**Q** 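Quick one: structure below, then a few questions.
In what follows, chains are A, B, ... by sequence order, proteins preceding strands, each numbered from 1. None of the values given here were measured: they were computed from a predicted structure.
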Amino acid sequence: MLVSDPVSDLRGAVGEAAAGLRGDGPLDAARLDRPPRPDFGDYSTNAAMLLAPTMGEAPRAIAERLGETLAERLGAAVDRVEIAGPGFLNLFMTDAWYLDSLARMREAGERFGSGEGGKRVQVEFVSANPTGPITVASARHAAYGDSLARMLELAGDTVEREYYVNDAGTQARKFGESIRARARGEEPEEYKGDYVTGLAERIEGAADGDPDELAKRGIELMLEEIERTLQRFRVHMDRFFSERSLYESGAVERALDTIEGVYESEGALWLRTTAAGDDKDRVLRRSTGELAYFAPDIAYHADKLGRGYDRLINVLGPDHHGYVKRLYAAWAALGGDPGAYEIVLMQLVNLFEGGKRAQMSKREGAIVTLDALVDDIGVDAARWYLASRSHDTSIDLDLELARSQSQDNPVYYVQYAHARIASILRKAGEERVAAALATDLRQSDERFHPSARSLVKRLLEFPAEVTEAAERRAPHRMTTYAHEAAQEFSAFYRDCRVVGAAEEGGDEDVRLVICVLAKDVLARSLDLLGVEAPESM
RNA sequence: GCGCCCGUAGCUCAGUGGAUAGAGCGCUGCCCUCCGGAGGCAGAAGUCGCAGGUUCGAAUCCUGCCGGGCGCGCCA
């Protein structure tokens, strides 16, 4: 059963009242906003301004009638309505509405903010070449993809996290050759990192090994390390999908036989990707007989299609930009639903070290790894920082700065607020808190301080915020939300005494419940980001 | 040349049609008889790249231009 929340109910009431006024269907575009200033009320709507063109009346006149309808409809929930500016309708809610909202949040418990999406979603992310350790760029993908997955899970979807392993082809072979070179004490041509030497030492007989075999073994070892690193970063992959396995099972050849739009020209095999908007058709098998890099991807997507997901999200780096259209084309040519497959392009993480750009190429060997970053600033700060920006903007991260400022990172502020609430609840005592949670809040005569209203409104936004962040593939919104919630808790803490509230005429039960709910929302927000919510710091 | 992304405070960035554009860091000045000072309050700081257009209303949508990034192979 879907749990309704007070804000969406309010939004619904506004929409219906507006529709009734127009005598037409619901007004979907009507907004219910938190106004920029307290004297504009608790909530405001632009419905009257939207109705004005079709109704042929002045917005303020419509707002007048809308206000009357709403006041009647909402009864004791609304204290008064005001018309302002070009036709905004500002709603001033009563303490009773706040008490009822708190009670409903408490009753909803864990269901507050959760949805019943029910879709099977696959998120492919990271998928970094297994020829070296996870870098900071991949760490951003990891933070993004995992947080997105967590949000979809909260929305009620079943999510599978998958890592596509490029363990075949030229790069793999060169990796094998590099391992052998190190084993022989030579300088490799390709992968020059120290870790290659380490691998060479761990693989028996590497000095005389076959490069393909060495690559296979080296990739196995690298993947173990990658998985460990991801676990440490609180990212758990449900599946590592091997590109090599697609060759070995014959899936690549089968895919080329079955996909639509294949033709031969100039001795090569092509896929008509222009049919789906690509700039030019793409080669599947070169005239030399070799399969192109693109070919196994066809097979991989065929495999995904066969698994029957409702939706696939593929998180790629900006270097795959020119690859997007052909992947969409391949998906369509395989018979996939174009609306079910989605590619998200992440922008870069530019690393600076003391103002100088750090090198990230695995082949160059100078790598800033995810492990090194975590050693430096910790998992919490790293996940927060890498998730805190929109995926389509690049991040300039000066390691020296991140290191020196780690104590000022906003993540600590949010965690501090959580720990502080925990401390207040400890001070109140378990029994006291349990008693507060058991009271009928609706009977309270608590008069809400503006800071308390502001905080409660923020908590009530949680469901909408999670939905929005998930639907727009924008987990970074959660960092903004969590920080705002923490700030508003701090204001509430400053203005409203919790333990001993009666001394200032307040209701301790109500304030304890606010604390419990605020703590829960902060913890869940942090969890969506893969950040811990400590009881004390 | 073509395509995509970005351009918002000194710096890093939020803000995909609403009211006086925000946060963190940095800067200036205050606040610990008070449930956690890893805190709070106040202040300085902006032609939202530029120019048009759509709209009652534009940082947001459209067009053009300028600046930056990335991508455009029978490479992987």
**Q** With rounding to the nearest 0.5 angstrom, report the SG to CZ distance, C515(A) to F492(A).
**A** 5.0 Å
**Q** Counting only side-chain heavy atoms from C-beta out, which of C56(B), A76(B), G36(B) sits nearest to P86(A)?
**A** C56(B)
**Q** Is it true that N90(A) and E82(A) share a donor-acceptor pair across their side chains at a distance under 3.5 Å?
**A** no
**Q** If we only count heavy atoms from C-beta on, is the D281(A) to L271(A) side-chain gap below 4.5 Å?
**A** no
**Q** Measuring to OP1 and OP2 of G36(B), would you say a side-chain N or O of H418(A) lies under 4.0 angstrom away?
**A**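 So the side chain of H418(A) is outside the cut-off, no N or O lying under 4.0 Å from OP1 or OP2 of G36(B).
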**Q** Name the closest nucleotide to the D396(A) side chain, picking from A76(B), C13(B), A23(B).
**A** C13(B)
**Q** Can you find a heavy atom in the side chain of E189(A) that is under 4.5 Å from one in the side chain of E177(A)?
**A** no
**Q** Taking the same atom, C1', in G49(B) and in G37(B), what whole-Å distance lies between them?
**A** 41 Å
**Q** Mind checking who A14(B) pairs with, Watson-Crick or G-U wobble, both distances under 3.5 Å?
**A**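 Its partner is none (no Watson-Crick or G-U wobble pair with both distances under 3.5 Å).
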**Q** Rounding to an integer number of Å, can you tell me how far L51(A) CG sits from C56(B) P?
**A** 15 Å
**Q** Check RNA chain B against residues 382-395 of chain A and give the residues with a non-hydrogen atom under 4.0 Å, in numerical order.
**A**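 Result for residues 382-395 of chain A: Y385(A), R389(A), S390(A), D392(A), T393(A), S394(A), I395(A), sorted by number.
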**Q** Tell me whether F40(A) and A19(B) count as stacked here, given that the ring centres must be under 5.5 Å apart and the planes must differ by less than 30 degrees.
**A** yes
**Q** Taking ring-ring contact (aromatic ring centres under 6.0 Å, His included) as the criterion, tell me which of Y293(A), F294(A), F241(A), W331(A) meets it with Y300(A).
**A** F241(A)
**Q** With heavy atoms under 4.0 Å as the rule, sort E535(A) into base, sugar-phosphate or nothing.
**A** base
**Q** With rounding to the nearest 0.5 angstrom, report the CD1 to NZ distance, I179(A) to K174(A).
**A**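 The CD1 atom of I179(A) sits 15.0 Å away from the NZ atom of K174(A).
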**Q** Between Y413(A) and S490(A), do the side chains contain a donor N or O and an acceptor N or O under 3.5 Å apart?
**A**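 Side chains of S490(A) and Y413(A): pair found under 3.5 Å.
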**Q** Can you tell me whether the side chain of T479(A) and the base of A14(B) have a donor-acceptor pair closer than 3.5 Å?
**A**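 No, no donor-acceptor pair under 3.5 Å.
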**Q** Separation of R426(A) atom CZ from C35(B) atom C1', in whole Å?
**A** 11 Å
**Q** Please give the nucleotide sitting opposite C2(B) as a Watson-Crick or G-U wobble pair, both distances under 3.5 Å, or none.
**A** G71(B)
**Q** Quick one: R477(A) CZ to G22(B) P, roughly how many Å, whole number?
**A** 17 Å
**Q** Does any residue of residues 277-302 of chain A have a heavy atom under 4.0 Å from RNA chain B, and if so, which ones, in number order?
**A**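 When residues 277-302 of chain A is checked for heavy atoms under 4.0 Å from RNA chain B, the hits, listed by number, are K280(A), V283(A), R286(A), S287(A), Y293(A).
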**Q** Would you give the length of the straight line joining atom CE of M346(A) to atom NE2 of H391(A), rounded to the nearest 0.5 angstrom?
**A** 7.5 Å
**Q** Between Q347(A) and P410(A), which has a closest nucleotide on RNA chain B that is more 5'?
**A** Q347(A)
**Q** Looking at C35(B), which nucleotide sits across from it as a Watson-Crick or G-U wobble partner, both distances under 3.5 angstrom, or is there none?
**A** none
**Q** Kindly indicate whether the side chain of R272(A), heavy atoms from C-beta on, has any atom under 4.5 Å from the side chain of R282(A).
**A** no
**Q** Got a list of protein N/O to nucleotides 43-45 of chain B N/O distances below 3.5 Å?
**A**
none

**Q** Classify the side chain of N90(A) and the base of A19(B) as holding, or not holding, a donor-acceptor pair under 3.5 Å.
**A**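 Donor-acceptor pair under 3.5 Å: yes.
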**Q** Quick check for you: to the nearest 0.5 Å, what is the distance between E471(A) atom CD and R473(A) atom CZ?
**A** 8.0 Å
**Q** Over how many whole Å does the gap from N350(A) atom CG to C11(B) atom P extend?
**A** 17 Å
**Q** Between A19(B) atom P and E82(A) atom CD, what is the distance in whole Å?
**A**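 Rounded to the whole Å, the gap is 18 Å.
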**Q** Any salt bridge linking E213(A) with R180(A)? Criterion: basic side-chain nitrogen under 4.0 Å from a carboxylate oxygen.
**A** no
**Q** Anything under 3.5 Å between a protein N or O and an N or O of nucleotides 57-59 of chain B, put it in a table, one pair a line.
**A**
none

**Q** Are there any protein N/O atoms within less than 3.5 Å of an N/O atom in nucleotides 40-42 of chain B, and if so, which ones and at what distance?
**A**
| from | atom 1 | to | atom 2 | distance (Å) |
| --- | --- | --- | --- | --- |
| G40(B) | OP1 | Y413(A) | OH | 2.5 |
| G40(B) | O3' | R494(A) | NH1 | 2.9 |
| C41(B) | OP1 | R494(A) | NH1 | 3.0 |

**Q** So, are E532(A) and R383(A) salt-bridged, with charged N and O less than 4.0 Å apart?
**A** no
**Q** Determine the interatomic distance between P on U55(B) and the same-named atom on C11(B); round to the nearest Å.
**A**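 So the two P atoms sit 37 Å from each other.
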**Q** Applying the Watson-Crick and G-U wobble criteria at under 3.5 Å, what pairs with U60(B)? Answer none if nothing qualifies.
**A** none
**Q** Could you check how far CZ of R31(A) sits from P of U60(B), rounded to whole Å?
**A** 16 Å
**Q** Determine the Euclidean distance between corresponding P atoms of A58(B) and C72(B); express it in Å to zero decimal places.
**A**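 About 40 Å, rounded to a whole number of Å.
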**Q** Any chance the side chains of N166(A) and Q171(A) put a donor and an acceptor closer than 3.5 Å?
**A**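 On atom types as modelled, these side chains do not qualify, holding no pair under 3.5 Å.
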**Q** Is E484(A) salt-bridged to R34(A), cutoff N-O under 4.0 Å?
**A**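 Result for this pair is no, no salt bridge flagged.
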**Q** Mark yes or no: R420(A) above the aromatic ring of F489(A), with NZ or CZ under 6.0 Å from the six-membered ring centre and no more than 45 degrees from the axis.
**A**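 No - R420(A) does not lie over the ring of F489(A) by the 6.0 Å and 45° rule.
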**Q** Is it true that E488(A) and R458(A) have a side-chain N and a carboxylate O under 4.0 angstrom from each other?
**A**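 A salt bridge is present here (some side-chain N lies under 4.0 Å from a carboxylate O).
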**Q** From OH of Y493(A) over to P of C32(B), roughly how many Å is that when rounded to an integer?
**A**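 It works out to 15 Å between those atoms.
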**Q** With a 4.5 Å heavy-atom cut-off, do V521(A) and Y481(A) have their side chains touching?
**A** yes
**Q** Mind checking the CD-CD1 spacing from E446(A) to I514(A)? Nearest 0.5 Å is all I need.
**A** 6.5 Å
**Q** Under a 3.5 Å cut-off for both distances, is G26(B) Watson-Crick or wobble paired, and to whom?
**A** none
**Q** What are the residues of residues 315-326 of chain A, sorted by number, that bring a heavy atom to within less than 4.0 Å of RNA chain B?
**A** P318(A), D319(A), H321(A), G322(A), Y323(A)
**Q** Looking at M222(A), E190(A), K216(A), which one forms a side chain to side chain contact (heavy atoms under 4.5 Å, CB included) with F175(A)?
**A**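 Going through the options one by one, the only one that passes is M222(A).
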**Q** According to a strict under-4.0 Å criterion, is S423(A) in side-chain N/O contact with OP1 or OP2 of G36(B)?
**A** yes
**Q** Reading RNA chain B from 5' onward, which residue's closest nucleotide shows up sooner: A172(A) or Y412(A)?
**A**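 With A172(A) and Y412(A) compared, the 5'-side residue is Y412(A).
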**Q** Contact class for A52(A) vs. all strands (heavy atom < 4.0 Å): base, sugar-phosphate, or nothing?
**A**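 No contact.
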**Q** Hey, what do you get for OG (S388(A)) to CG (N409(A)), rounding to the nearest 0.5 Å?
**A**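 If we round to the nearest 0.5 Å, S388(A):OG and N409(A):CG are 8.0 Å apart.
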**Q** Calculate the interatomic distance between Y328(A) atom OH and C4(B) atom P; express it in whole Å.
**A**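 Atom-to-atom, Y328(A) to C4(B), this comes out as 14 Å.
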**Q** Give none if U54(B) has no partner; otherwise give the nucleotide forming a Watson-Crick or G-U wobble pair with it, both distances under 3.5 Å.
**A** none
**Q** For C32(B), does the glycosidic angle fall within 90° of 0 (syn) or outside that (anti)?
**A**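 Classified syn.
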**Q** Across the strands shown, which category fits C515(A) at heavy-atom distances under 4.0 angstrom: base, sugar-phosphate, nothing?
**A** nothing
**Q** Quick one: does any side-chain atom of R140(A) pair with a main-chain N or O of L348(A) as donor and acceptor, under 3.5 Å?
**A**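 Present.
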